[in-house]
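Working notes, structure below.
Since this is a predicted model, take the numbers as computed values, not measurements. All chains are named by letter (A, B, ...) in the order of the sequence lines, taking the proteins before the strands, and each is independently numbered beginning at 1.
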Number of protein chains: 2
Amino acid sequence: MKLSPSEENYLKAIYHLEQASDTGVTTNALAQRMETKPSSATDMVKRLAEKELLHYVRYRGVTLTNEGTKSALQIIRKHRLWQVFLVEKLHFHWDQVAEIAEQLEHVHSEELIARLERFLGEPDFDPHGEPIPSKDGTIKQTAKKLLAELKKNQGGVCVGVKESSPEFLQYLDKKNITIGTKIKVLGKEFFDGSMVILVGKDQSFISKKTAENLYVQTL
Amino acid sequence: MKLSPSEENYLKAIYHLEQASDTGVTTNALAQRMETKPSSATDMVKRLAEKELLHYVRYRGVTLTNEGTKSALQIIRKHRLWQVFLVEKLHFHWDQVAEIAEQLEHVHSEELIARLERFLGEPDFDPHGEPIPSKDGTIKQTAKKLLAELKKNQGGVCVGVKESSPEFLQYLDKKNITIGTKIKVLGKEFFDGSMVILVGKDQSFISKKTAENLYVQTL
DNA sequence: ATCAATATTTAGGTTGTGCTAAATAATTTT
DNA sequence: AAAATTATTTAGCACAACCTAAATATTGAT
Ligand SMILES: [Mn+2]
Ligand SMILES: [Mn+2]
Ligand SMILES: [Mn+2]
Ligand SMILES: [Mn+2]
């Protein structure tokens, strides 16, 4: 089915909200995520229900159908592949690619995305460490945990970020943390969850909030 | 100014029609090119006039303003750079790229197109031999002529196509003609303008229509 | 259980981009 | 020059995607 950019953006938003909560997605949550009004979200949700991309029960929220989930995954796939292109080939910084990928993801061409994937060497993860769904919708999951879950003296490699806002990514740069960086917990403050960590050879102080947005793979 | 895909497509169409005729563009011509109805073209033309991208006189047609021409050239620039990407990097065939570039050209990001141009090695021409406008709107013109203008025993290198429909490009493939192919006129029929030409080492027969859609650079 | 607060939907309006049918202007033919 | 033909515009409708304000349903507190 050929969807409009707006429809695709809504589907993606619903998918991500479903993932984050494992429950139906409410109109308010969706409107907030889409930066629109609840009444606009209701309108769109009705259209998507009409197209059988989601189940909608008035006042009860929304869940994607199989079709809807499949569509959402394909858009995410395109978004992430384009992000890889922007960083690996055009040398964009990892905090600059989201906005452009938001547009590129809506270009309709199966052939294009197949060839792009090939050209990029069939990457498994995007520049933020997020997995790239395959053409059939499969996602490669890795055993990652939040840095905040590690105990003192445990260490690992940074494999992703939970939030990927430019602000956070730029902050990580300042701290010399990026995908692939080795991190070890030197100390953890019980009071506020803050940590002293080893980044490469240097010590660094990070807040609980930061530790809760960094994924690491333990060694 | 941030324009919608539809507005951008209209601007491009008007630019091309102006180039082809050196006179004002009529509503009917525009509607035909855009594959829409004259009434729709009138609507759009009014909006673009409002934005001062073109001059519009009722019943008299339309001409682009300087602003409008600048915008059109930037869209054409993006279209052609993306076409180079699709052919050179993703190995699309030259007859498959127009449709996808029609979408990619509407992605808004100065930075993206600057980096893409760099990545592609700052090409001067697209896969159909058409010049790529520079960032400031300059077009590199070459001394090319239509194959149809050549006399017997004159020869040259194919440097472009006037029409770039998939049908025509596929036909050229069958004839083993592409950008860079050496061609020599062995004979020209006065009656219907058809030609016998030398393509590489082989003889080939082409119609006047074909000869009028092939650009060559004489040696 | 009732009421207040919150969430959601509906009603009705706006803008962009298309359409058809009818009106009007321009051009060509006679 | 008038009539016929063609080109163009206008009027009015439709749909997607937004909005605000008002109505209604759900939830949480008393
Ligand atoms: Mn998007
Ligand atoms: Mn990402
Ligand atoms: Mn286009
Ligand atoms: Mn071209």
Side-chain angles (χ1 to χ4, degrees), chain A residues 1-14 17-18 20-21 23-64 68 71-72 75 102-103 105-108, chain B residues 1-14 17-18 20-21 23-64 68 71-72 75 102-103 105-108:
Chain A
M1 194 166 352
K2 188 89 147 300
L3 302 170
S4 72
S6 191
E7 290 172 319
E8 294 188 337
N9 287 334
Y10 270 92
L11 279 184
K12 218 174 37 147
I14 295 166
L17 289 169
E18 273 185 351
S21 73
T23 154
V25 173
T26 68
T27 301
N28 262 12
L30 182 54
Q32 187 170 0
R33 172 116 190 180
M34 291 299 296
E35 300 180 81
T36 64
K37 302 293 163 182
S39 53
S40 302
T42 301
D43 276 356
M44 178 57 87
V45 143
K46 283 177 179 171
R47 278 195 296 275
L48 295 175
E50 194 59 43
K51 297 187 179 185
E52 307 201 64
L53 293 165
L54 50 78
H55 298 296
Y56 167 54
V57 185
R58 268 158 76 257
Y59 292 101
R60 283 270 103 97
V62 118
T63 49
L64 292 177
S71 290
I75 303 157
E102 270 305 319
Q103 300 178 62
E105 71 189 355
H106 304 295
V107 172
H108 293 298
Chain B
M1 193 164 357
K2 189 89 149 296
L3 301 170
S4 73
S6 191
E7 290 172 320
E8 294 189 335
N9 287 334
Y10 270 94
L11 279 184
K12 219 174 36 148
I14 294 166
L17 289 169
E18 273 186 351
S21 72
T23 154
V25 174
T26 67
T27 301
N28 261 12
L30 182 54
Q32 186 169 2
R33 173 115 189 182
M34 292 299 297
E35 297 181 78
T36 170
K37 301 294 165 180
S39 53
S40 302
T42 300
D43 278 355
M44 177 57 86
V45 143
K46 283 176 179 171
R47 279 193 297 274
L48 295 175
E50 194 60 44
K51 297 187 179 184
E52 307 200 64
L53 293 165
L54 50 79
H55 299 296
Y56 167 54
V57 184
R58 268 159 76 256
Y59 292 103
R60 284 271 102 99
V62 118
T63 49
L64 293 178
S71 290
I75 303 156
E102 270 306 317
Q103 301 178 63
E105 71 188 356
H106 304 295
V107 172
H108 291 297

Under 4.0 angstrom between N28(A) side-chain N/O and dT8(C) OP1 or OP2: yes
Sequence-distant partners of T63(B), side-chain contact (heavy atoms from CB on, under 4.5 Å), two or more places apart: E18(B), H55(B)
Heavy-atom protein contacts under 4.0 Å, nucleotides 20-28 of chain D, coded B base, S sugar-phosphate only, - none: B---BSSS-
Rounded distance (nearest 0.5 Å) linking atom CD1 of I14(B) with atom CG of L53(B): 9.0 Å
A49(A): side-chain contact (heavy atoms from CB on, under 4.5 Å) partners, not counting sequence neighbours: L54(A), Y56(A)
Duplex segments of DNA chain C, taken as runs of at least three Watson-Crick or G-U pairs that stay under 3.5 Å: C:1-30 with D:1-30
Phosphate OP1/OP2 of dA17(D): any Y10(A) side-chain N/O under 4.0 Å: no
Let me have the donor-acceptor pairs involving side chains of residues 24-47 of chain A, under 3.5 Å, with sequence neighbours excluded, atom names and distances please.
{"residue": "T26(A)", "atom": "OG1", "partner": "A29(A)", "partner atom": "N", "Å": "3.2"}
{"residue": "T36(A)", "atom": "OG1", "partner": "Y10(A)", "partner atom": "OH", "Å": "3.4"}
{"residue": "T42(A)", "atom": "OG1", "partner": "P38(A)", "partner atom": "O", "Å": "3.1"}

Under 4.0 angstrom between K46(A) side-chain N/O and dT10(C) OP1 or OP2: yes
Along DNA chain D (nearest heavy atom to each residue), the more 5'-positioned of P5(A) and V57(B): V57(B)
Partners meeting side-chain contact (heavy atoms from CB on, under 4.5 Å) with E102(B) (sequence neighbours left out): N9(B), K12(B), H79(B), E105(B), H106(B)
Nearest non-hydrogen partners of L11(A) and S71(A), listed with the distance: CD1-CB, 3.7 Å
OP1 or OP2 of dG16(C) under 4.0 Å from side-chain N/O of S6(B): no
Spacing of M44(B) atom CE relative to dT10(D) atom C1', expressed in whole Å: 18 Å
Any residue of residues 29-36 of chain B with a heavy atom less than 4.0 Å from an atom of DNA chain C: T36(B)
Contact list for residues 1-11 of chain A, test salt bridge (Lys or Arg N to Asp or Glu O under 4.0 Å), sequence neighbours left out: E7(A)-K51(A)
Presence of T42(A) side-chain N/O under 4.0 Å of dT10(C) phosphate oxygens OP1/OP2: no
